[in-house]
Amino acid sequence: MKVSIVFTLQSALFFVLIVLLSPARVDGADLDAGQKVYATQCAVCHGTGGRPDADSPVVRGLGVMPADFSDPLFNSREPAGDWEMVIKHGGHALGLAEQMPAQGETLSDADIANVTAYIKSLVDTLAYPPGEMNLFLPTRTKKAFPEDEVVYIGRFTDQDGDNSQKHVLEFEKRVGKAGQAIVELVYESEGVVSELAEAEIGYKQALSFSQRHILSAAAVWAIPVEAEGDGELQTYLAYGRVLSDAWIFQSSLRLKFPFAGASDGEAEFAGIVHWVHTPWPRRIFPALEITATNPFRSRNGDLEWTVLPQARFGLTRGGHVALNLGVEVPLSDQTWDTRYYVTLLWDFADGSFFQGW
Ligand code: HEC
């Protein structure tokens with residue numbers, strides 16, 4: 001127990017340090033210039049204050065509603081970089097409606113940055129975590145951004161005796177300005193035994209965020225369905241950070257407390273670095289993840305380490321449906337040899353599953 005407390009404290013301290021080291025954002029956009037571009041090139045469809053006028057003949061002629069920048073939730077949840085791509089290359093290139101015209105021929109990159117900063121400024125979004133922090137979903141590290149997402153995770157373990165499989169279906173829904181409800185179903189099979197092992201319900205809240213970092217806390221209650229036992233409470237802190245234009249970092253510290261006895265619980269630290277080498281979402285993004293687990297009952301403080309190389313494959317043009325494939329290899333003397341992970345995610349705030357392929 002003692003070692004776990006030390007481990008937990010060390011990890012928590014590590015968290016605080018990275019948060020403190022986050023530099024402030026430098027923003028060089030010219031809002032006045034952006035407003036001029038907006039008035040001449042965009043307002044006819046998107047409306048003067050960013051809210052499209054459904055009765056205007058132009059909007060009615062489009063057959064699809066232009067984005068409403070005056071809605072703070074919508075305005076905050078999309079990263080400025082994605083919007084710059086849409087403005088430059090047009091809606092179709094990013095899986096949106098082709099009625100949103102490409103402006104790369106008429107507007108310079110500076111114009112596009114300015115008009116994007118201007119539409120971002122049309123409504124106060126300070127209380128909403130910025131879409132910049134909606135980072136790629138890792139395999140084991142918990143994600144900090146509160147979003148609307150359906151995720152399937154399959155885990156296939158090679159081990160002595162019966163190989164085992166675990167299938168998890170997650171449903172996550174944004175609640176309010178910075179919260180998220182979590183519902184999960186866990187199906188396990190090993191040899192001849194297959195069962196809907198447990199259901200999980202939880203809540204996550206973003207506590208601190210900027211354009212470069214996000215810190216969230218969550219609590220999840222795991223309720224056994226067909227599995228033995230009394231269930232457990234899981235709590236975690238999740239942190240995400242933009243390191244540079246091409247690198248992002250995420251980490252989480254998770255504590256598991258089984259109701260049958262907290263000494264059977266464990267602390268798990270996980271961290272991952274993704275290489276974001278292009279702004280185009282339908283690409284392959286490699287990442288390296290590391291985990292360290294410390295069972296509360298371990299007396300000698302042995303940590304179980306694993307390493308998990310993986311890659312995200314953006315499937316739709318806008319990347320709102322993506323696949324993640326990973327292989328986990330134990331670095332300590334775990335009882336299993338290799339684990340294979342398949343993750344399929346659908347960010348349903350960005351459109352239906354079948355849009356933009
Ligand atoms: C001819 C009408 C039209 C004009 C002009 C136009 N847009 Fe759009 N825009 C649309 C429509 C329609 C959509 C919605 C696409 C969808 O949801 O599939 C859209 C979507 C967008 C989005 C994507 C929001 C998202 O993430 O869903 C951004 C950003 C945007 N427009 C910015 C601009 C800017 C900036 C300009 C001016 C430089 C501009 N638009 C000019 C019609 C237009």
Side-chain angles (χ1 to χ4, degrees), residues 25 27 29-134 145-149 173-180 206 209-211 279 281 316-320 347-352 355-356:
R25 183 171 182 242
D27 198 346
D30 180 341
L31 290 182
D32 290 338
Q35 188 201 349
K36 289 199 184 87
V37 174
Y38 186 81
T40 52
Q41 312 279 333
C42 324
V44 58
C45 292
H46 288 280
T48 353
R51 175 179 307 210
D53 174 4
D55 296 328
S56 97
V58 178
V59 171
R60 265 190 280 158
L62 289 175
V64 41
M65 207 48 189
D68 178 359
F69 305 123
S70 70
D71 169 0
L73 177 58
F74 173 77
N75 192 309
S76 64
R77 79 192 327 169
E78 301 299 333
D82 286 11
W83 278 4
E84 289 176 8
M85 293 287 285
V86 172
I87 298 164
K88 187 167 184 172
H89 304 284
H92 180 75
L94 279 301
L96 296 173
E98 59 190 15
Q99 285 89 333
M100 166 60 203
Q103 320 260 348
E105 304 273 288
T106 41
L107 299 179
S108 68
D109 285 355
D111 289 337
I112 292 176
N114 291 338
V115 74
T116 303
Y118 174 70
I119 55 182
K120 281 276 173 194
S121 76
L122 285 171
V123 61
D124 178 2
T125 55
L126 271 182
Y128 297 79
E132 277 70 11
M133 296 322 303
N134 190 354
F145 191 80
E147 64 180 333
D148 290 336
E149 199 165 59
K173 181 87 187 76
R174 181 74 166 263
V175 179
K177 292 178 180 166
Q180 182 194 59
F209 44 83
S210 69
Q211 293 281 333
T316 51
R317 289 199 296 275
H320 80 303
D347 182 345
F348 62 85
D350 279 357
S352 84
Q355 183 184 323

Item checked: Trace of the side chain to side chain contact (heavy atoms under 4.5 Å, CB included) decision for Arg174 with Leu73 -> CA-CA 10 Å; Arg174 181 74 166 263; Leu73 177 58; 3.6 Å; yes
Margin query: Set out, in order, the CA-CA distance, both residues' side-chain angles and the distance that settles side chain to side chain contact (heavy atoms under 4.5 Å, CB included) for Asp109 and Lys88, then state yes or no.
Written below: CA-CA 8 Å; Asp109 285 355; Lys88 187 167 184 172; 3.0 Å; yes
In terms of heavy-atom contacts, Pro146 and Ala178 come closest through CG-O, 3.8 Å
Where the side chain of Asn75 meets the backbone of Ile119, is there a donor-acceptor pair that is under 3.5 Å apart?
-> yes
Residues Thr116 and Trp83: closest non-hydrogen pair is CG2-CB, 4.1 Å
Nearest heavy-atom contact between Asp148 and Ala349 is OD2-CB, 3.8 Å
CZ (Phe348) and CD (Glu149) are apart, to the nearest 0.5 Å, by 8.5 Å
Self-check item: Flag side-chain contact, heavy atom, 4.5 Å: Pro72 against Asp124
Solution: no
request  = Please check if the side chain of Asn114 supplies one atom and the backbone of Ala110 the other of a donor-acceptor pair under 3.5 Å.
outcome  = yes
When every non-hydrogen atom of Leu122 is compared with those of Gly50, the smallest separation belongs to CD1-CA, 3.7 Å
Using modelled atom types and a 3.5 Å cut-off, is there a donor and acceptor pairing between side-chain atoms of Gln180 and backbone atoms of Glu147? yes
dist Ser76:OG -> Asp71:CG (nearest 0.5 Å) comes out at 8.0 Å
For Asp32 and Asp30, the nearest pair of non-hydrogen atoms, with its separation, is N-OD1, 3.1 Å
Sorted by chain and residue number, the side-chain contact (heavy atoms from CB on, under 4.5 Å) partners of Pro130 (sequence neighbours excluded) come out as Glu132, Met133, Phe209, Gln211
Should Tyr118 and Val37 count as side-chain neighbours, where that means a heavy-atom distance under 4.5 Å?
no
Strictly distance-based, threshold 3.5 Å: is any side-chain N or O of Thr125 a donor or acceptor partner for the main-chain N or O of Tyr128? no
So the salt bridge (Lys or Arg N to Asp or Glu O under 4.0 Å) pairs with at least one residue in residues 39-49 (sequence neighbours excluded) are none
In terms of heavy-atom contacts, Ala54 and Val59 come closest through CA-CG1, 4.2 Å
Report task. Indicate yes or no for a side-chain donor-acceptor contact from His89 to the backbone of Gly104 under 3.5 Å, with no hydrogens or angles considered. Result -> no
- Query: Can you check whether Met100 reaches His46 side chain to side chain, under 4.5 Å on heavy atoms?
  - Reply: yes
_Quick test of your reading of the model: are Arg77 and Asp350 salt-bridged, counting only N-O distances below 4.0 Å?_
no
>> Please check this pair: side chain of Glu78 against backbone of Gly131, looking for a donor-acceptor N/O pair closer than 3.5 Å.
In response: no
dist Gln103:CD -> Cys42:SG (nearest 0.5 Å) comes out at 6.0 Å
Item to complete: Check whether any side-chain heavy atom of Gln355 lies under 4.5 Å from a side-chain heavy atom of Leu96, and answer yes or no.
Response: yes
